[in-house]
Each structure stands twice: as structure tokens, then as C-alpha cells.
Protein chains: 2
Amino acid sequence: MKKNRDCDLKTCFLCQHAIPEWLSAVAANRRHQAFKKGEMLFREGEPATGIYFLYDGKVKVHKQWGPEKELIIRLAKKGDILGHRGFGSDQRLYPVSATALEDGTYCYVNNAFFEASLKVNPALTYRLMQFYAAELQEAEKKMRNLVHMDVKSRLADALLEISRVYGDKQFTINRQDLASLAGATYETIYRTLQDFTQQGLIEAEGKSITILQEKKLRQLLTAAL
Amino acid sequence: MKKNRDCDLKTCFLCQHAIPEWLSAVAANRRHQAFKKGEMLFREGEPATGIYFLYDGKVKVHKQWGPEKELIIRLAKKGDILGHRGFGSDQRLYPVSATALEDGTYCYVNNAFFEASLKVNPALTYRLMQFYAAELQEAEKKMRNLVHMDVKSRLADALLEISRVYGDKQFTINRQDLASLAGATYETIYRTLQDFTQQGLIEAEGKSITILQEKKLRQLLTAAL
DNA sequence: CGCATTATTGACCCGAATCAAATGAGGTGG
DNA sequence: CCACCTCATTTGATTCGGGTCAATAATGCG
């Protein structure tokens, strides 16, 4: 089985929910593509031409603010969907950018085909709707957190999320991305990270971070409430 | 035509997209209900039993933080959907509360019936999905704004949004809600509002606010960028 | 007419952004 | 191999927006 050319039914959202009659059509219309760390899959403000199914690798979804500032909206991992935010708007521009945090592969289909899929496959539409609903909940929770929690709690939250996405207590991330994820500046994150290290909550050397006391990090979240 | 008992096809999302064969079923399963200003339609953390279609009146959707603090996620008006955030999660608890800002009416159907509707009516599912997508975009934009804009800009944004929802440059809202919408404290909003008034951008007397210079308010947003 | 909210304003404080500078780490070309 | 440049890391000093607290005035309201 050619792993790089064929969709793994277990990981690709589209194939997972494709009706049998459409599997060949899906195969004909999708485009598999490898990408490198740092590469932008799509850019905020560009016309939304299609939708991406992340096959492998981690990707950050972020929104720009001015020339220097950004906010990381979400981290995506294997099996996640990207570019779906273009749907529902009139203009069909990507409202966010997607940048690879590591090498990986995606599966792309253009909007026309994807919409056709949705039309003939209500179950797919239904699942996608659920996916949106879940994302919406996450977004709104994060919204509240950004307003009401201090940086320390937001950083704890960010670390736990990264750990969850990577499926490991140890992971690699640069400080700037960490700052953008927590919604704070580089310097502040640097200091807070140092604080956490001194308290023995985490271990940080270089870009590698290990969570030592997950429980205490979680307490920071609930304590802020 | 009994206005209070029957869904206006033009305003109710559910009826608007119902397939003809189901119109009678919809009629049988929906529950129309009047509500009073200040009444809570549903409460964050409660089991999500169903979905609400706002027939008349304005409703705030908000998320609690601690005993005293809240963040208004969104304002809903005639034709909007409420309680749809319960979908997609495992637990099926409302992740937000909904409180009436004025008297109104809603149309309610329980989850079981609504899900059945979605199953037999792909067009409805598709439209709902688009609705979610639009909400998601809004939420994420707001997220970024809350992080990167100062209070002055956030208040300008909030005022413009209220004006848009109410379809009028003049509207009524209490300061506390305004604060929760802009993600700031009562006092800060009070002062900033005073500032705007002195600059002649708005006129405020009591709970009534009139936008005088919409253009300048918008400039506050783009200027922050 | 007292009591309870809500409005209004001032003073203070603090978290975190900003600014600035020093240090270190890699990469490149001479 | 060294000089040089660029870029990330590290740390200190300073500033400031806005949250918190408190005190008074005003406005209901039973």
C-alpha cells in the first residue's frame, strides 16, 4: 500500500465519512502534498480555494494583528481539518493562516468538490457540523480565558493544550509561538516559564519543554476561577 | 393567522428550511414561549435539552467567570439560533447562558426531534453548518480583538455591534452588559463612554446610547491595527 | 421616609507591555 | 581559524492601561 498516495481511512476525515460510491471520486479529486516545517499552507486574506485534511504533522492556525503580532487560534494535528473557516462567509477568504510546526502531509480538495460531497453525503455534513460545534465551544471558552485569566494561567493552559495535541508530556515549541498561543509577549512568557521551572512544574531546555506536574498546572486554571 | 402560535417562515430558521412533509411534524413538536426581560432561557452547565429559535426580542449569550464576572459572547436577535452550542460535545451541557435583554418569544424543539430533522433534511444540516462556520469566524475575530485591542477600541467595537444587531444608531443597554461585551470593568467602561461623549462620538443619557459619528468609531478599530 | 441599588469619581496599585542592553549561539566568508 | 554578522536568549528598568477599592451622590422603591 502506497502510504503517501492513499488516504488512510482512519485518519482522513473526508475518506472516513465518504460513501462507498464516492471513494473513487474522492481519490480522483484529492491532492496529497508534503510540506516542510515553517511552510504556510494558506494565508489569511487569500481566497479560500479548498479544504485541507491534515494527514501528518502539526500545524498552527493563527490570525495576524498588525505587522508583528499574532494570536494562535488553535493547534491542529493528524486527522484534523484546516481551511474550513472559509465556509459560510460571502467573500470566501481564509480568515486565518496555517503554518506548519513540523514536516508533514495534507490531503487537499477544492471547494467545489467538497461542497458536492456534502450535498450527496448528509452524514459527512452532519459530522462536519458537529466538528464546527466543538470548535465553537473551544473558541468561546478560550475567549473568556483570554479576558479573565492572567498570563500565568493562560500559559499553563497553553502548555497543557500543546501536551494534549502532541500526546506527550514532552514536546518542542519555540517561545514566540508559545507567547502567541497564550496571548502574551515573548518576554513575559520567558519570565513566567522561568518561574514555572523554578517551581518544578516544568523542565525547559532549549525549545524542548517537559511537563512535570500536570496536576499543579491544572490547579492554576481552576484557581483562577 | 395566529401570529403567536405559528412560525413565521421568514424568521424561524427551522421552519424556513423544513421540507414540506415535515412542516406538520415541526408544528407538532415545537413549543412557542414568551419570555420577559431578564429571564434566562437556559443556563451554563445545565443539560442541553433542545434548541431555541429566536422569534422576537434580543438575547445575550454569555459565559460566566467566577461569581461576579461574565463575558458576553454574542448578541442574538430575531431569526437567530440559541442553544446550538450544546451540539458536538459528549456531555451535552450548555456551555453558555442565554438571558433576555427585552421581552420576546422563542420557538423551542428538543434535541431528539431536531436531530431527526437534520437526518432527513440535509439542506437544513448544510445551512446550520454554514451558520456555525460564520459564528466560528466571528468568535475567532473577537478572540484576537480581546487580546490585542485596548479598551477604547473594544468599546467602539461593542457599540457598533449593538447598533448592528438592533438595526439602529440608537439603542438601550446597561453599562454592566456593555462592560461584559467589551471585556472590561464597569468603571473603565463608564469612563471611556464619558470620553466618547465628550469627543462627540456618541450621546448617552441613562441607558440610551446614540451613535453620532459611526465613521470615527470605525477608525478607532482600524487604527488599533 | 429609610433602605438598597446604581451612578460617579478619585486614589492607588499591579500585571504585563515596552524599551533597551548585554550575552550567547550559530553561520558565512575571507 | 578568526572576524563578523545576524538572530535568539536573557535580564533589567521603566511605563502605563486598566483593574481594584473606597467614598459620595443619586435614584429608585417598598
Side-chain angles (χ1 to χ4, degrees), chain A residues 37-38 64-72 99 101 144-159 172-199 202-209 220-221 223-225, chain B residues 37-38 64-72 99 101 144-159 172-199 202-209 220-221 223-225:
Chain A
K37 176 177 178 175
Q64 212 62 31
W65 185 253
E68 291 295 315
K69 295 179 185 175
E70 67 168 18
L71 178 70
I72 295 182
T99 305
L101 294 175
R144 187 200 54 185
N145 289 353
L146 285 170
V147 174
H148 291 305
M149 298 199 319
D150 60 14
V151 168
K152 194 177 278 196
S153 304
R154 297 209 302 270
L155 177 56
D157 194 32
L159 290 172
T172 297
I173 189 151
N174 76 47
R175 305 284 149 94
Q176 186 51 62
D177 281 342
L178 202 47
S180 299
L181 193 56
T185 59
Y186 180 93
E187 291 96 323
T188 301
I189 288 301
Y190 176 82
R191 287 181 235 259
T192 311
L193 220 42
Q194 216 171 230
D195 184 28
F196 282 0
T197 306
Q198 273 168 1
Q199 288 183 48
I202 62 168
E203 204 172 66
E205 42 185 295
K207 294 183 198 301
S208 171
I209 294 179
L220 274 181
L221 299 187
L225 185 108
Chain B
K37 175 177 178 174
Q64 213 64 31
W65 184 252
E68 291 294 316
K69 295 179 186 175
E70 67 168 18
L71 178 69
I72 296 182
T99 305
L101 294 175
R144 187 199 54 184
N145 289 352
L146 286 170
V147 174
H148 291 305
M149 298 198 319
D150 59 13
V151 168
K152 194 177 277 196
S153 304
R154 297 209 301 270
L155 178 57
D157 194 32
L159 290 172
T172 298
I173 190 150
N174 76 49
R175 305 284 150 93
Q176 185 51 62
D177 281 342
L178 202 47
S180 300
L181 192 56
T185 59
Y186 180 94
E187 291 96 321
T188 301
I189 288 301
Y190 177 83
R191 289 180 233 258
T192 312
L193 219 43
Q194 216 171 230
D195 185 29
F196 282 1
T197 306
Q198 274 167 1
Q199 289 184 46
I202 61 166
E203 205 171 65
E205 43 185 294
K207 295 182 199 299
S208 172
I209 293 179
L220 274 181
L221 298 187
L225 185 106

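In what follows, chains carry the letters A, B, and so on, assigned in the order in which the sequence lines appear, proteins first and then strands, with residues in each chain numbered from 1.
- Among the protein residues, A:K69 comes within range of the sugar-phosphate backbone only, with heavy atoms under 4.0 Å from sugar or phosphate atoms but none that close to a base.
- Residues passing the side chain to side chain donor-acceptor pair (under 3.5 Å) test with A:T192: none are found, sequence neighbours excluded.
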Response to the item:
Scoring nucleotides 23-28 of chain D by protein non-hydrogen atoms under 4.0 Å (B base, S sugar-phosphate only, - none) yields ------
Discussion item. Between B:W65 and A:V147, does the side-chain contact (heavy atoms from CB on, under 4.5 Å) criterion hold? Intermediate values first, please.
Written reply: CA-CA 10 Å; B:W65 184 252; A:V147 174; over 6 Å; no
Discussion item. For a side-chain contact (heavy atoms from CB on, under 4.5 Å) check, start with the C-alpha distance between B:K69 and B:T185, then their side-chain angles and the critical distance, and finish with the verdict.
Written reply: CA-CA 9 Å; B:K69 295 179 186 175; B:T185 59; over 6 Å; no
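- If you check D:dA8, D:dG19, C:dA16 against the side chain of A:V151, the one that comes closest is C:dA16.
- D:dT20 atom P lies 11 Å from atom CG of A:D150, rounded to whole Å.
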Taking N or O atoms only and anything under 3.5 Å, show me the protein contacts with nucleotides 10-13 of chain C, one pair per line.
from	atom 1	to	atom 2	distance (Å)
C:dG10	N7	B:R191	NH1	3.2
C:dG10	O6	B:R191	NH2	3.1

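- Here C:dC14 presents its C1' atom at 14 Å from NZ of A:K152, a figure rounded to the nearest Å.
- In the helix from C:dC1-D:dG30 to C:dA22-D:dT9, the rotation axis of the first five pairs and that of the last five pairs differ in direction by 30°, rounded to 10 degrees.
- Across D:dG19, C:dA7, D:dA8, the shortest atom-to-atom separation from the side chain of A:Y186 is found for D:dA8.
- At least one side-chain heavy atom of B:D177 sits under 4.5 Å from a side-chain heavy atom of B:E70.
- Whole-Å rounding puts the B:E68 CD to D:dC21 C1' distance at 14 Å.
- Here the side chain of A:A184 is nearest to one of C:dA17, C:dA7, D:dG19, namely C:dA17.
- Under the side chain to side chain donor-acceptor pair (under 3.5 Å) criterion, A:E187 pairs with no residue, sequence neighbours left out.
- The OH-P distance, from A:Y190 to C:dA16, rounds to 18 Å in whole Å.
- By the side chain to side chain donor-acceptor pair (under 3.5 Å) test, A:Q199 is found to be paired with A:D195, residues two or more places apart in sequence or in another chain being considered.
- In this structure, CD of A:Q176 is placed 11 Å from C1' of D:dA8, rounded to the nearest angstrom.
- When rounded to the nearest whole Å, the span between NE2 of B:H148 and C1' of D:dG18 equals 18 Å.
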